[in-house]
Amino acid sequence: MRLTASVAVVGGGIVGSAAALFLAERGEDVIVLERAGGPTQASVRNAGGVRAQCRNRTERRLALASIALWRDLADRTGVDIEYRQGGNLRVALTEPTLDALATESVEEAQDGLATEVWDRAELRRRAPYLSDRFAGAKYCATDGHANPILATWMVVNAAKAAGARYLTGADVTHLDLDAGRVRGLRATAGGDILRIEAPTLVHAAGPWTSALAATIGVRLPLTPARNAMLVSQGAPPLLPEFVSSHEMKVYLRQAKAGQVHVGGVFTVDGTFDQRVTHAEIAHLARAVEILPGLGRLSILRTWAGTLDLTPDHLPLLGTPSGVDGYVVAAGFSGHGFCLGPAIGRTIAELVRGEPTGVDVTALHPDRFAAC
Amino acid sequence: MSCDVAVVGAGAAGLRAATVAARAGLSTVLVDSYERAGGQFYRQPASTPYPPSPTQVEGRELIEAAYAAGVEVRTGTSVWDAAARPDGVTLWLTAGDRLSTLECRTLVVATGAHERVAPFPGWTLPGVHTAGAVQALHKGHGVPVGERVLFAGSGPLLLVAAAGLVETGTRVVEVLEATRPVRAGARHPWATAAGLWRQGERLREGLGGAVRLRRAGTPLRTGWGSVRALGGDRVEGAVVSRVDRDWRPVAGTERTVSCDAIATHYSLVPATELLRLLGARMAHRPELGGWVPTVAASMATSLPGVFAAGDCTGIGGAGLSLVEGELAGLGAVAYVTGREPGRAPLATLRRERRFQRLYGTLFTPQPGLAELATPETVVCRCERVTRATVDAAVAAGARTVQSVKAVTRCGMGPCQGRICLPAITRLADAGPPPEARAPLEPVPFEAVASCG
Amino acid sequence: MSATVRIEVDGREMPARGGASVAAALLATGLPAGLFCGIGVCHGCTATVDGVPGVRTCVTTVAPGMRVRTGGDSS
């Protein structure tokens with residue numbers, strides 16, 4: 001079967017779907033190819049954090065743009081994605097860590113993001129349900145979290161409503177490169193071979209991007225990492241904020257259904273294995289050291305997703321030199337969900353040659369080309 | 001802590017397997033989540049005023065034999081995580097707040113089964129229970145679930161549970177069996193004859209039960225089913241009707257029955273979470289109750305050193321569970337000692353397998369079961385998800401059970417899909433067996449954090 | 001037969017037969033228990049027992065002085 005489109009998007013997760021949405025709204029004829037029956041990977045397995053604080057400058061700007069887009073999309077579509085701006089709290093175990101957060105707060109203010117630094121006493125006063133072991137915290141009132149499954153599907157459905165075509169069960173096997181330009185792809189779908197001709201291809205397949213990119217000589221330094229998570233039994237409201245400890249490598253938030261989601265451990269073992277190990281469960285159970293109220297509760301379920309880590313934990317976004325018509329959007333290193341809508345809009349701007357709302361030159365894949 | 005043989009599940013199969021292993025001189029640990037050994041069929045009295053039944057006495061003897069053989073029996077202990085090692089299996093156990101680890105050289109999984117339920121309108125009203133719940137309350141605690149109980153569904157347990165209840169004076173208003181076993185048996189005369197050959201005890205129990213019901217004035221009807229439960233705060237009645245061979249209600253035959261409790265049962269589903277967690281190869285066998293591990297004649301699974309026995313390998317009744325337990329015990333002993341396994345009770349095995357085949361022929365669920373739920377019917381009790389929500393998700397592209405779960409929250413509640421996912425499977429797609437991940441049982445944060 | 005055990009349910013003291021499950025004790029006095037499967041699989045019968053939420057009453061044996069709170073917060 002042969003199809004044509006003006007843009008083919010490989011990967012139907014949050015990034016690919018957001019790109020499809022913004023491209024379709026700009027009048028592009030978009031086809032999205034997704035291997036599974038719908039978004040099933042990192043987009044729907046993450047903790048649902050929607051935050052602008054505690055980021056590199058470029059990501060901060062993308063996050064601020066994304067937050068506005070998440071709100072706008074939810075309003076427009078009328079879909080309840082359980083988005084609550086309950087605040088994000090980055091806790092610090094030591095004074096030096098707190099000092100570093102204070103410095104970050106100044107930078108954030110320069111970008112128009114208001115954050116507060118709380119000392120030990122202030123943290124006890126404002127969040128008495130947290131453990132008293134922390135030296136303090138940085139708080140961002142406008143940050144929050146959403147339900148990643150509902151949110152990703154909202155974007156998928158909005159893209160379809162805007163005219164994007166979705167082909168599920170389609171495994172892309174070849175990218176067609178001709179005279180330095182990508183002109184399309186081949187995929188297998190239910191035993192048939194699908195050929196798509198498109199002058200532009202967006203590659204947003206998470207950790208699975210690099211293997212296919214390598215077939216056209218594009219080297220993308222993506223390392224798969226397992227992100228294990230656990231969820232507690234349902235509980236009455238215990239925690240309004242999304243709390244994270246960089247030092248303990250644990251973050252947690254309470255979902256609308258009352259269950260507390262815990263994550264924070266990435267395991268790089270050279271595989272795409274998504275089985276949660278006993279050691280990971282034991283590590284995540286330490287969330288009880290952040291929120292003592294978890295002590296009376298039980299762990300109900302675990303799962304894992306696979307992240308695509310880059311050497312600097314920043315995304316790859318842009319067209320690698322020497323390959324025209326090809327936009328890479330991968331390597332989100334665990335930040336893809338929150339940044340998804342702004343990345344999608346940026347991709348649409350890049351494809352159409354419009355000035356990008358956020359300057360993403362720092363994310364260009366060529367920064368690793370010499371390695 | 002370590003041992004030669006670990007057995008998970010202290011029902012018929014597990015008790016027998018553990019006893020065989022211990023008698024052969026191997027260090028054997030038997031764990032069960034309940035506070036008492038015996039499983040479901042041999043459920044022991046806990047607080048009942050009635051004297052123990054012959055089955056309970058038989059169960060008592062099995063339990064005592066295990067203790068006498070030197071089995072270390074740990075009740076109130078659940079397996080929440082497990083991993084196969086090259087030289088055995090590691091089990092992570094929880095007993096209340098106390099966690100422990102058990103390393104064994106060989107493992108016998110005898111986790112039994114739980115009842116299959118089918119969502120139908122009104123099934124979430126107080127007063128609707130599984131037939132097994134009614135029996136557990138009665139056999140274990142002497143507590144009746146109501147004063148006018150309706151039994152409806154399919155499977156011999158309906159008859160047995162109802163007959164047990166009328167014996168102690170509770171009124172059973174009707175017993176409705178969806179299949180027509182006599183007609184079905186007549187369609188498969190050889191399988192029926194083979195399945196019932198030398199099953200005198202079962203036949204006596206079945207006929208005896210039917211006689212007791214008749215004497216108590218309880219009608220026993222085949223080819224009938226319950227369609228809807230009625231009531232405000234709790235069950236007050238039910239709409240029942242004739243059903244055809246596919247278990248679909250026959251138009252024009254509906255009538256209302258007054259009752260204050262409904263016992264529902266549609267045979268059993270093997271409990272295979274531990275086997276799937278370990279990675280044992282599974283096969284979908286509807287006539288055995290659904291997904292089952294593939295096992296050799298020795299009851300060895302596809303994982304070296306891991307055996308499975310009893311209803312978790314396919315529904316077949318207590319007699320078969322005892323034989324399979326013995327085989328698994330012999331297999332475990334042979335695996336550890338390297339000696340030839342002892343003599344298998346082959347005649348008994350063949351007889352019980354014939355019964356198993358007959359059971360599968362008569363009591364496999366039919367398509368009409370999936371059609372009882374209306375759009376408003378809750379299909380996931382934990383998360384209160386209706387059939388309409390599931391249908392919408394399937395229509396929007398969620399094809400497998402995993403994706404229906406992700407979008408609708410079905411199976412994300414405390415029971416982790418044990419009750420609803422078999423029903424969702426009938427509404428969506430068979431696909432691969434559902435994933436099993438640790439923890440198999442909810443396990444306290446505090447305990448895991450302090451011991452990890 | 002078996003000794004009587006005194007437990008507290010939603011603030012009221014009540015007797016239970018020794019060895020009974022909490023669910024059986026509730027049902028014996030005519031109180032609803034949320035019971036469905038009776039074997040600890042469905043979690044319909046959960047209550048907060050001695051401060052711990054989500055306890056399956058059908059597989060928990062009564063103990064002297066046990067405090068049971070039904071309804072609402074044991075999700």
Side-chain angles (χ1 to χ4, degrees), chain A residues 12 34 36-40 43-45 147-150 152-153 156-157 160 166 168-169 228-235 250 252 255-260 262 274-304, chain B residues 78 80-85 90-92 94 96-97 99 101 273 276-279 380 382-385 392-394 396-409 411-417 428-429 431 435-452:
Chain A
E34 167 52 52
T40 59
S43 306
V44 296
R45 299 181 189 213
N147 180 317
I149 300 170
L150 299 178
T152 302
W153 276 97
V156 168
N157 291 330
K160 289 179 184 174
Y166 266 73
T168 55
M229 294 201 59
L230 63 76
V231 83
S232 74
Q233 66 188 100
V250 175
L252 59 155
K256 183 176 172 190
Q259 297 165 327
V260 177
V262 181
Q274 294 177 335
R275 274 171 311 173
V276 177
T277 65
H278 194 80
E280 285 164 343
I281 301 176
H283 174 93
L284 294 173
R286 294 185 61 208
V288 71
E289 294 170 24
I290 299 178
L291 182 64
L294 283 177
R296 286 178 324 141
L297 300 180
S298 287
I299 300 169
L300 193 59
R301 183 172 72 251
T302 61
W303 69 88
Chain B
S78 305
W80 69 273
D81 197 2
R85 302 183 325 265
T90 303
L91 300 175
W92 284 276
T94 170
D97 278 351
L99 299 202
T101 312
E273 291 82 20
R276 285 181 276 120
L277 178 67
L278 285 166
C380 169
C382 295
E383 297 287 320
R384 318 287 310 166
V385 181
V394 173
R399 282 290 132 73
T400 62
V401 171
Q402 280 299 129
S403 43
V404 169
K405 173 180 168 182
V407 175
T408 63
R409 294 195 61 80
M412 288 198 187
C415 94
Q416 293 294 280
D429 187 346
E435 268 183 78
R437 290 188 296 263
L440 294 177
E441 295 266 326
V443 63
F445 269 95
E446 198 78 73
V448 176
S450 62
C451 125

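Hydrogens, waters and symmetry mates are skipped; everything else that's a heavy atom, side chains included, is used. All figures in this text were calculated on a predicted structure; none of them were measured in a lab.
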Exercise. In Å, rounded to the nearest 0.5 Å, how long is the span from CG of B:Asp81 to CD1 of A:Ile281?
Worked result: 5.0 Å

Exercise. Quick one: of A:Pro292, A:Ala285, A:Gly38, who has the most non-hydrogen atom pairs under 4.5 Å with chain B?
Worked result: A:Ala285

Exercise. What part of A:Ile149 is in contact with chain B, defined as an atom under 4.5 angstrom from a non-hydrogen atom: side chain, backbone, both or neither?
Worked result: side chain

For this session: Could you tell me which of B:Gln402, B:Glu383, B:Arg437 has the largest number of non-hydrogen atom pairs under 4.5 Å with chain A?
Result: B:Arg437

Exercise. Does one side chain, of A:Arg45 or A:Gln274, offer a donor that lies under 3.5 Å from an acceptor on the other?
Worked result: yes

For this session: Would you give the length of the straight line joining atom CH2 of B:Trp80 to atom CG of B:Leu440, rounded to the nearest 0.5 angstrom?
Result: 9.5 Å

Problem set entry | Segment of A:Thr168 engaging chain B (4.5 angstrom heavy-atom cut-off) | neither

Exercise. Taking A:Gln259, A:Lys160, A:Arg286, A:His283 one by one, which has the highest count of heavy-atom pairs under 4.5 Å against chain B?
Worked result: A:Gln259

Seminar exercise, completed: One option among A:Val288, A:Leu294, A:Asn147 has the most heavy-atom pairs under 4.5 Å with chain B, and it is A:Leu294

Problem set entry | Side-chain donor/acceptor of A:Gln233 to backbone N/O of A:Ser298, under 3.5 Å | yes

For this session: Below 4.5 Å from any heavy atom of chain B, which atoms of A:Thr152 appear? Answer side chain, backbone, both or neither.
Result: neither

For this session: Drop me the distance from B:Glu446's CD to A:Glu289's CD, to the nearest 0.5 angstrom.
Result: 9.0 Å

For this session: Can you establish whether the number of heavy atoms outside B:Arg276 located under 6.0 Å from its atom CZ is more than 12?
Result: yes

